[in-house]
Amino acid sequence: MERETPQAAPPPTFLRGEDASSDSSSTRARFERLIRRVQADVCAALEAVEEGGEVFREDAWTRPGGGGGISRVLQGGRVFEKAAVNVSVVYGVMPPEAYRAARPDAAAGADKAGPVPFFAAGVSSVRVIHPNNPFAPTLHFNYRYFETEAPQDAPGAPRQWWFGGGTDLTPSYINDEDIKHFHAVQKQACDKFDPAFYPTFKKWCDDYFHIKHRGERRGVGGIFFDDLSDRDQELLLDFVTECAESVIPAHLPIIERRKDTPFTEDHRAWQQLRRGRYVEFNLVYDRGTTFGLKTGGRIESILVSLPLTARWEYDHKPEEGTEEWKLLDTCINPKEWI
């Protein structure tokens with residue numbers, strides 16, 4: 001993948017060819033418009049919660065062959081220790097091992113093929129919005145659209161498209177009211193399209209965010225899906241739009257309720273330990289991180305998901321019956337919230 005070039009301001013579009021037209025109705029063009037709008041909306045909502053505190057820093061970048069991105073990062077805020085909302089539109093060529101990481105279910109022939117041209121677009125909270133208060137949960141969201149193309153010398157990698165993404169919650173302390181609200185918003189978005197979506201994608205989320213070497217989940221779940229291409233493309237684009245637009249109503253009411261909750265240094269230490277788990281998952285298991293590193297992605301955008309601070313203690317085990325133990329037990333034994 002070609003290296004990025006910093007830009008003083010974002011261009012009107014990162015697309016190339018016919019897709020770059022302002023009135024293009026292609027899936028690529030419509031998805032780029034969606035992710036840039038969601039980025040603006042989420043950043044504005046988080047800055048409003050800061051109430052005159054820190055604002056987002058913006059970095060825009062392009063690549064010579066087409067594509068680029070906008071990284072917006074807020075650090076050291078009154079409410080948010082770190083929040084990042086990125087969009088990217090990327091054209092590139094991935095090696096077979098990266099293709100297998102991105103699409104393991106469809107990559108059986110990719111090991112016999114050459115490099116695979118691809119297009120990818122996505123919006124994310126770069127896997128994290130980290131509040132300062134231990135009682136305010138971390139949020140991750142990411143919605144993306146991906147295409148691969150099949151050049152003549154790569155018969156093992158046919159042209160494909162798919163959607164992926166999800167929204168999940170990672171608290172340090174269990175608050176049933178908050179978690180039920182969060183899951184209710186996810187279910188409402190899913191039910192507009194198929195009542196089977198929520199239970200299917202909720203289980204997928206629990207399974208995906210499993211820290212295998214710890215035997216526990218990263219948080220209390222939400223929804224997650226990947227390689228989604230088994231329905232009409234128009235329906236799936238509408239579904240992903242609905243999910244992305246549900247991020248603010250799912251998370252901001254919880255932040256407003258918990259951002260000023262009194263806490264102690266012990267609460268803060270536990271929050272730091274849980275953030276350590278967050279780091280472990282992102283660096284060891286997350287498919288987006290793996291794909292970005294293998295395809296030469298923009299490193300600051302890939303690793304901006306990591307919190308400013310985290311903590312590891314040798315053989316730390318919370319005392320049974322405590323609020324910390326309750327969180328850990330929930331991460332080990334996922335439950336149904338609604």
Arg231/Asp194 ion pair, N-O < 4.0 Å:
yes

Applying the 4.5 Å side-chain criterion to the ILVMFWY set and letting contacts propagate, would Trp204 and Ile338 be lumped into a single cluster?
yes

Over 12 foreign heavy atoms within 6.0 Å of CD, Gln188:
no

Evaluate the salt bridge (Lys or Arg N to Asp or Glu O under 4.0 Å) criterion for residues Lys82 and Glu54: first the C-alpha distance (whole Å), next the side-chain angles of each, then the deciding distance (0.1 Å), finally the verdict.
CA-CA 10 Å; Lys82 186 178 184 182; Glu54 293 295 317; over 6 Å; no

Residues, nucleotides or ligands: over 12 heavy atoms within 6.0 Å of Lys203 NZ:
no

Using the rule given for side-chain hydrogen bond (donor to acceptor under 3.5 Å, both in side chains), can you reason through Thr309 versus Gln272, listing the C-alpha separation, both sets of side-chain angles and the distance that settles it, and then say yes or no?
CA-CA 7 Å; Thr309 57; Gln272 298 297 294; 2.8 Å; yes

Trp270 side chain near Pro318 side chain, heavy-atom distance below 4.5 Å:
yes

Quick check on the hydrophobic clustering: are Leu235 and Leu228 connected, directly or via other members, by side-chain heavy-atom contacts under 4.5 Å?
yes

Any Gln271 side-chain heavy atom under 4.5 Å of Arg311 side chain:
no

Salt bridge (Lys or Arg N to Asp or Glu O under 4.0 Å) between Arg258 and Glu177, worked out
CA-CA 11 Å; Arg258 307 302 168 200; Glu177 176 189 5; 3.4 Å; yes

Considering only heavy atoms from C-beta outward, does the side chain of Phe141 approach that of Ile248 to under 4.5 Å?
no

Heavy-atom neighbours of Glu313 CD exceed 12 at 6.0 Å
yes

Does Arg16 make a cation-pi contact with Tyr91 (under 6.0 Å, within 45 degrees of the axis)?
yes

Measure up the Phe135 and His267 rings against each other and bin them: parallel (under 30°), tilted (30 to 60°), perpendicular (over 60°).
perpendicular

Spell out, as yes or no, whether a donor-acceptor pair under 3.5 Å connects the side chain of Ser24 to the backbone of Ser26.
yes

Of the options Arg275, Arg218, Arg214, which is the one that meets Glu280 in a salt bridge (charged side-chain N to carboxylate O under 4.0 Å, His left out)?
Arg214

Check whether Thr322 reaches the backbone of Glu319 with its side chain - one donor and one acceptor, N or O, closer than 3.5 Å.
yes

Is it true that, when you exclude Arg33 itself, more than 12 heavy atoms of the residues, nucleotides or ligands shown sit nearer than 6.0 Å to its CZ?
yes

Connected via hydrophobic side-chain network under 4.5 Å: Ile129 and Leu308:
no

Could you check whether Asn282 and Ser305, counting side-chain N and O atoms only, form a donor-acceptor pair closer than 3.5 Å?
yes

Identify which one of Phe209, Tyr208, Phe224, Phe281 satisfies the ring pair (Phe, Tyr, Trp, His ring centres under 6.0 Å) criterion when paired with His140.
Phe209

Is there a path from Ile332 to Trp325 through hydrophobic residues (I, L, V, M, F, W, Y) whose side chains come within less than 4.5 Å of each other?
no

side-chain contact (heavy atoms from CB on, under 4.5 Å) for Arg78 and Phe80? Distances and angles first, verdict last.
CA-CA 6 Å; Arg78 186 183 69 84; Phe80 301 105; over 6 Å; no

May I have the step-by-step check of salt bridge (Lys or Arg N to Asp or Glu O under 4.0 Å) for Arg144 and Asp226, ending in yes or no?
CA-CA 9 Å; Arg144 56 196 176 273; Asp226 211 352; 3.3 Å; yes

For residues Phe146 and Asp227, determine if any side-chain heavy atom of one lies less than 4.5 Å from a side-chain heavy atom of the other.
no

Thr62 and Thr5: side-chain donor and acceptor closer than 3.5 Å?
no

Show the nearest heavy-atom pair for residues Val38 and Ala244, with the distance to one decimal.
CG2-CB, 4.0 Å

Kindly indicate whether a cation-pi arrangement holds for Lys212 with Tyr285, taking the cut-offs as under 6.0 Å to the six-membered ring centre and within 45° of the axis.
yes

Asn175 side, atom CG; Glu323 side, atom CD - distance, nearest 0.5 Å
9.5 Å

Any salt bridge linking Arg72 with Glu47? Criterion: basic side-chain nitrogen under 4.0 Å from a carboxylate oxygen.
no

Heavy-atom pair of closest approach, residues Asn132 and Gly77
ND2-O, 2.8 Å

Looking only at side chains, do Gln233 and Thr27 share a donor and an acceptor under 3.5 Å apart?
yes

Check: Phe201 ring centroid to Phe197 ring centroid under 6.0 Å
yes

CG-CZ distance between Asn133 and Arg268, expressed to the nearest 0.5 angstrom
9.0 Å

Taking all non-hydrogen atoms of both residues into account, name the closest pair between Ala9 and Ala60 and its distance.
C-CB, 4.0 Å

Pair Tyr143, Thr167: side-chain N/O donor-acceptor within cut-off below 3.5 Å:
yes

In Å, rounded to the nearest 0.5 Å, how long is the span from CG of Leu303 to CZ of Arg298?
11.0 Å

Checking side chain to side chain contact (heavy atoms under 4.5 Å, CB included) between Leu139 and each of Ile254, Val247, Leu252, Thr170, which is the one that passes?
Val247

Would you say the side-chain atoms of Glu81 pair up with the backbone N or O of His130, donor to acceptor, closer than 3.5 Å?
no

Would Val185 and Ile179 show up in the same hydrophobic cluster when neighbours are defined by side-chain heavy atoms closer than 4.5 Å?
no

Which heavy atom of Asp191 sits nearest to which heavy atom of Tyr198, and what is that distance?
OD1-CB, 4.5 Å

To the nearest 0.5 angstrom, please state how far the CG atom of Leu327 sits from the OG atom of Ser172.
6.5 Å

For the pair Arg257 and Asp178, find out whether any cationic side-chain nitrogen is under 4.0 Å from an anionic carboxylate oxygen.
yes

Heavy-atom nearest pair, Gly221 first then Asp206, reads CA-OD1, 3.9 Å

Between Phe225 and Phe239, does the ring centroid distance fall short of 6.0 Å?
yes

So Val304 and Asn86, side-chain contact (heavy atoms from CB on, under 4.5 Å) or not? Walk me through it.
CA-CA 9 Å; Val304 76; Asn86 288 1; 3.9 Å; yes

Would Glu216 and Arg274 pass as an ion pair if we require N to O under 4.0 Å?
yes

Which atom pair, heavy atoms only, marks the closest approach of Leu15 to Ala20?
O-CB, 3.5 Å

Any salt bridge linking Lys202 with Asp207? Criterion: basic side-chain nitrogen under 4.0 Å from a carboxylate oxygen.
no

Return the CD to CG distance between Gln186 and Leu169, rounded to the nearest 0.5 Å.
9.0 Å

Are His251 and Phe182 close enough that their ring centers fall under 6.0 Å?
no

Rounded to the nearest 0.5 angstrom, the CH2-CZ distance for Trp161 and Arg28 is 13.5 Å

Is there a donor in the side chain of Thr264 and an acceptor in the side chain of Asp266, or the other way round, less than 3.5 Å apart?
no

Please evaluate residues Arg36 and Glu32 with respect to the criterion salt bridge (Lys or Arg N to Asp or Glu O under 4.0 Å), reporting the C-alpha separation (whole Å), side-chain torsions for both, the decisive distance (0.1 Å), and the verdict.
CA-CA 6 Å; Arg36 291 181 73 159; Glu32 187 199 24; 3.4 Å; yes

